[in-house]
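Quick notes on the structure that follows.
Computation of the quantities below employed the complete heavy-atom set of this structure, encompassing side-chain atoms and omitting hydrogens, waters and symmetry-equivalent molecules. Numbering of ligands and ligand atoms starts at 1, following listing order.
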Amino acid sequence: MENTKNLFRMLPKVDDILEKEKIQIALEYIPRNIILESIREFLDEVRNDILNSKILKEELDNRINDISQIIIKKAKYKINPKLKRVINGTGTVIHTNLGRSLISKSIMEKVVDIASNYSNLEYDLEKGERGSRYSHIEDIICRITGAESALVVNNNASAVMLILNTLAKGKEVIVSRGELVEIGGSFRVPSVMEQSGATLVDVGTTNKTHKLDYENNINEETAILLKVHTSNYKIVGFTEEVDLESLVKIGHSNNIPVVEDIGSGVLVDLSKYGLSYEPTVQESIKSGVDVVSFSGDKLLGGPQAGIIVGKKDLINRMKRNQLTRALRVDKMTLAALELTLREYLDEQKAIKSIETLNMLTMDIRKIEEKANKLYNLLKHIEKVECKIEDDYSQVGGGALPLEKIKTKVISLYSKSIKVGELEENLRLFNPPIIGRIKNDKLYIDLRTIKEDELDIIFEGIISSIND
Ligand SMILES: *Cc1c(COP(=O)(O)O)cnc(C)c1O
C-alpha cells in the first residue's frame with residue numbers, strides 16, 4: 001500500500017506536463033484540447049497500472065522520462081486522418097476492402113477542378129436556367145450502352161432498391177432460386193426485396209430453373225421478372241437457367257417488365273483481352289431487357305455509383321421517386337463517372353487508361369519487369385530471402401470468381417522475424433503495405449503494384465525487419 005502511494009506521488013501534474021518543452025512545441029500544430037485529452041489518458045493508464053500492481057518503479061521512471069513522446073504520439077494519432085492510401089500487394093485488382101477501383105490521376109485532377117470551383121451541376125448553360133444533375137451523364141451512358149435512358153445513384157445496392165421500390169412496391173417479383181445472391185455480406189437479394197416493399201417469389205430450384213417456373217408463377221400481382229447475375233459464385237454441374245432472351249419473351253408476352261441486376265457493369269468484351277467472357281451491359285440492352293443496373297466501381301473502373309439504364313418511361317418513374325433524392329450522388333462522383341465513361345468512346349484507349357482494366361489485362365512481361373526491379377532492390381537486404389515466383393491474381397469485387405490470372409510475385413522469408421510479424425509491420429508502415437501469407441512466406445503480387453511504389457516497399461521491408 002505504502003508502495004502504491006509512493007508511485008502515485010511520482011506522477012507529474014497536468015500543468016507541469018503542459019509546460020514541458022516538447023509539449024509546448026507540439027502545441028503549435030496540435031490543438032490544446034487534444035493534448036489535454038492525451039495527457040489525461042496517459043495519467044489514467046498509469047494510475048490504473050499502479051492500482052492493478054502492473055507497474056514497478058523502474059518502469060514508471062521510464063514512462064515518465066518518455067512522457068512527452070508518449071503524449072505527442074497519442075495526440076498525433078487523434079489528429080491524423082484515418083482513411084489513407086495503402087499499397088495493394090494482394091494482386092486482387094478490385095479489392096473491396098482496399099477501395100475497389102482506382103481512378104486515374106488525370107481524371108482526379110479534373111474532378112478537383114470541378115469540385116473546388118463552382119460548376120454547372122444543376123444549371124443549364126444554354127438556356128440559362130435550372131438544369132438536372134443527371135443530364136450531363138445521361139447522354140454518354142446511353143451512347144455507350146445503347147439504352148434509351150439512364151439514371152445514376154449512390155451504388156448498385158441502392159439502384160436495385162430504387163428499381164424494386166418504384167416498379168414493384170406492394171407487388172410480386174419473380175426471381176430464380178439460383179440467383180438469390182449475397183454480395184459482400186450486406187447486399188442480399190431477399191433483404192433488399194423486403195426493404196423495397198416488394199414481395200419475393202422465388203421459383204425453380206438452386207441448380208435448375210425452367211421457363212415454366214416463371215410462367216406458372218405469373219399472376220395479376222406480378223410486377224417484375226428479375227434476373228440477378230450470380231457475380232461471385234458459379235453453379236456448375238447439373239444446371240439450367242433461363243437465358244435473357246427467353247425471359248424477355250416471357251415477360252413481354254405477359255406485359256411484365258424484365259429487370260436485370262448485372263452486378264459488375266462490364267462495358268467491353270473482356271474475352272478479347274484474355275479474360276473469361278462476362279456478360280456486357282450492351283448485350284443485355286440488345287436482348288430487350290427493360291431495366292439493367294450495375295456498379296460504377298467494379299469492372300467499369302470508375303467511382304462508387306449505381307447506374308440504371310433502360311426504357312425511358314420506366315426510368316422516368318424512378319426519377320420521380322422520392323428515394324432518388326435520398327440516393328443522389330455528389331458532383332465528384334458525377335464528374336469522375338462522366339470522365340471514366342468518356343474513356344470508353346475509344347475501347348483500345350479505355351483498356352489502357354482505366355486502371356482496373358489496365359491491371360487486369362497487364363502483359364505478364366510488364367509484371368515480370370516490376371518483379372525484377374523489386375527483386376534487385378530487395379536482394380541486398382540482409383536477413384531476408386526473396387524470390388520471384390509464379391502465382392495467380394484475382395479479379396475481386398465479386399466478379400469472375402473462378403478467374404485465375406497468371407502473375408509474378410515476390411516471396412519474402414526471414415529467419416529473424418516471424419512471417420506474421422513481418423506482415424503486421426508492413427501493414428502498419430506508412431503508407432501501409434498489404435501482402436498475403438502462404439506457406440510461411442509473405443507474398444507481394446506485382447500486378448497491383450505501381451512502378452513508383454517499388455521504392456516504398458523496399459523502405460517498408462527494411463523498416464519492418466529492423467523494428
Ligand atoms: C456488387 C453487386 C451488387 C452491389 O453493388 P454495390 O455497387 O456494391 O452496391 C449488387 N448486385 C450484384 C449482382 C453485384 O455483383
Side-chain angles (χ1 to χ4, degrees), residues 92-103 137 141 150-165 168 173 175-196 198 200 202 209 224-235 241 244 247 258-267 270 275-281 283-284 289 291-310 318 323-324 326-330 333-334 336-337 340-341 356 360 394-403:
T92 300
V93 177
I94 309 172
H95 200 307
T96 297
N97 300 153
L98 304 182
R100 284 201 184 161
S101 282
L102 310 188
I103 301 172
I137 201 153
I141 297 176
L151 177 60
V152 176
V153 290
N154 195 41
N155 54 16
N156 189 30
S158 51
V160 176
M161 172 83 83
L162 177 63
I163 295 168
L164 295 174
N165 181 267
V173 176
V175 192
S176 159
R177 286 217 169 94
E179 298 172 4
L180 299 178
V181 308
E182 169 173 317
I183 312 269
S186 53
F187 179 91
R188 305 178 109 191
V189 169
S191 316
V192 175
M193 195 77 74
E194 195 183 321
Q195 196 78 43
S196 73
L200 169 70
D202 47 340
T209 303
I224 292 175
L225 304 185
L226 176 66
K227 189 150 185 73
V228 184
H229 183 48
T230 58
S231 318
N232 54 3
Y233 66 98
K234 289 267 181 282
I235 298 180
E241 63 174 316
L244 268 185
L247 197 63
V258 175
V259 173
E260 186 186 22
D261 169 11
I262 199 172
S264 228
V266 187
L267 299 175
L270 293 174
L275 293 162
S276 295
Y277 168 78
E278 180 78 347
T280 66
V281 178
E283 283 158 337
S284 292
V289 177
V291 176
V292 182
S293 81
F294 50 98
S295 295
D297 57 351
K298 290 187 184 170
L299 282 166
L300 194 149
Q304 179 190 302
I307 302 164
I308 308 172
V309 295
M318 292 174 213
L323 257 185
T324 300
L327 305 175
R328 85 176 186 187
V329 285
D330 178 61
T333 302
L334 281 171
L337 186 59
T340 305
L341 288 166
T356 297
L360 285 173
Q394 286 196 323
V395 177
L400 296 159
L402 305 181
E403 193 86 355

For Phe187, atoms of ligand 1 separated by under 4.0 Å from a heavy atom
10 (C), 11 (N)

Give the residue, atom name and distance (to 0.1 Å) of the protein heavy atom nearest atom 11 (N) of ligand 1.
Asp261 OD2, 2.6 Å

Check whether any heavy atom of Val181 sits under 4.0 Å from an atom of ligand 1.
no

Contact between ligand 1 and Arg100 is defined here as a heavy atom of the residue under 4.0 Å from a ligand atom; is it met?
yes

How far is atom 15 (O) of ligand 1 from its nearest protein heavy atom, and which residue and atom is that?
Ser231 OG, 2.6 Å

Considering only non-hydrogen protein atoms, determine which one is nearest to atom 9 (O) of ligand 1 and report residue, atom name and distance to 0.1 Å.
Ala157 N, 2.8 Å

Can you find an N/O atom of Ser295 closer than 3.5 Å to an N/O atom of ligand 1?
yes

Taking all heavy atoms of Thr356 and all of Lys298, pick out the closest pair and write down the distance.
CG2-O, 3.9 Å

Identify, by atom number and element, the atoms of ligand 1 in contact range of His229, meaning under 4.0 Å from any of its heavy atoms.
13 (C)

Of the listed options (Asn156, Val153, Asn155), which comes nearest to atom 4 (C) of ligand 1 when hydrogens are ignored and any heavy atom counts?
Asn156

What do you reckon, does Lys298 have a nitrogen or oxygen under 3.5 Å from a nitrogen or oxygen of ligand 1?
yes

Shortest non-hydrogen pair, Asn156 vs Phe294, comes out as OD1-N, 3.4 Å

Heavy-atom closest contact (Met318 atom, Ile308 atom, distance)
SD-CG2, 3.9 Å

Where is the tightest heavy-atom contact between Leu275 and Glu403, given as atom of each residue plus distance?
CA-OE2, 3.3 Å

Residues Ser276 and Leu270: closest non-hydrogen pair is O-CB, 4.0 Å

Could you pull out the closest heavy-atom pair between Ala305 and Leu337, with the gap in Å?
CB-CD2, 4.2 Å

Between CZ on residue Phe187 and CG on residue Asp261, distance to nearest 0.5 Å
5.0 Å

